[in-house]
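Written below as structure tokens is the structure these notes are about.
Along the sequence shown, residues are numbered consecutively beginning with 1.
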Amino acid sequence: MERRKIMVDMQQLDLLEQKIVKATELVRSLRKEKDSLQARLKEAEDALGLAQSQSAGHEQQLRDLHEMASQVETLQQERQEVRGKVTRMLEMMAVLEEAPAEARRDH
């Protein structure tokens with residue numbers, strides 16, 4: 001009976017050892033997976049930071065473009081106003097040049 005108890009105890013120890021080995025392998029595998037996932041998370045965070053930085057830069061460029069477009073529009077309006085004034089002045093000068101010629105013809 002004692003021998004049988006020792007055999008059962010040995011079998012139980014063997015089963016316990018197998019379970020411990022499997023648990024150890026599982027823990028080791030899970031640690032590797034965790035390390036891999038942490039590395040991927042770090043890469044994703046870095047990529048996100050870069051994308052956010054680039055996005056902020058693009059937003060600033062877009063604001064700058066809108067500002068430049070507004071300035072160009074203002075300059076075009078001012079140019080049209082100047083062109084209109086110059087045209088009116090040239091017309092007035094032409095009238096002045098014609099007036100003396102007509103006065104000379106009348107005399």
Side-chain angles (χ1 to χ4, degrees):
M1 178 103 151
E2 186 68 33
R3 184 173 168 92
R4 186 169 181 192
K5 186 175 182 184
I6 292 175
M7 288 286 283
V8 169
D9 287 342
M10 288 301 286
Q11 286 176 347
Q12 289 175 341
L13 284 174
D14 286 342
L15 287 174
L16 180 61
E17 181 183 12
Q18 289 174 3
K19 288 180 181 182
I20 289 173
V21 167
K22 285 182 182 180
T24 303
E25 289 172 358
L26 180 60
V27 168
R28 186 176 299 128
S29 173
L30 291 173
R31 282 184 180 163
K32 285 182 183 179
E33 186 177 347
K34 180 190 85 161
D35 291 344
S36 173
L37 289 173
Q38 284 179 327
R40 288 177 57 195
L41 176 61
K42 174 76 171 110
E43 290 172 6
E45 288 172 342
D46 291 346
L48 176 61
L50 179 61
Q52 287 173 333
S53 174
Q54 289 174 343
S55 176
H58 290 144
E59 288 173 4
Q60 181 60 44
Q61 288 176 344
L62 186 59
R63 284 191 296 272
D64 291 346
L65 283 174
H66 284 298
E67 177 64 27
M68 284 188 259
S70 175
Q71 290 175 0
V72 165
E73 185 177 327
T74 300
L75 289 173
Q76 287 174 337
Q77 289 172 350
E78 290 175 357
R79 178 180 170 201
Q80 284 302 105
E81 289 175 18
V82 168
R83 180 178 281 165
K85 289 179 181 182
V86 168
T87 301
R88 285 190 299 275
M89 286 188 279
L90 288 173
E91 289 171 354
M92 289 189 311
M93 289 178 70
V95 168
L96 291 175
E97 287 176 358
E98 289 175 6
E102 286 178 11
R104 278 187 235 145
R105 276 187 252 156
D106 290 341
H107 288 293

Quick one: side chains of residues 36-48, donor-acceptor pairs under 3.5 Å with protein atoms, not counting sequence neighbours, listed by atom name and distance.
unit_1, atom_1, unit_2, atom_2, d
Lys42, NZ, Asp46, OD1, 2.9
Lys42, NZ, Asp46, OD2, 3.4

ask   = Do Met89 and Leu96 sit in the same hydrophobic cluster, where Ile, Leu, Val, Met, Phe, Trp and Tyr count as joined when their side-chain heavy atoms come under 4.5 Å apart?
value = no
ask   = Taking it one step at a time, do Val95 and Met92 satisfy side-chain contact (heavy atoms from CB on, under 4.5 Å)?
value = CA-CA 5 Å; Val95 168; Met92 289 189 311; 5.6 Å; no
Without placing hydrogens or testing angles, list every side-chain donor-acceptor pair under 3.5 Å for residues 67-76, not counting sequence neighbours.
unit_1, atom_1, unit_2, atom_2, d
Glu67, OE2, Gln71, NE2, 3.1
Thr74, OG1, Ser70, O, 3.0

Counting only pairs under 3.5 Å, give me each side-chain donor-acceptor contact of residues 13-31, with atom names and distances, residues two or more places apart or in other chains.
unit_1, atom_1, unit_2, atom_2, d
Thr24, OG1, Ile20, O, 2.7

ask   = Looking only at atom types and distance, does a side-chain atom of Thr87 sit under 3.5 Å from a main-chain N or O of Arg83, one as donor and one as acceptor?
value = yes
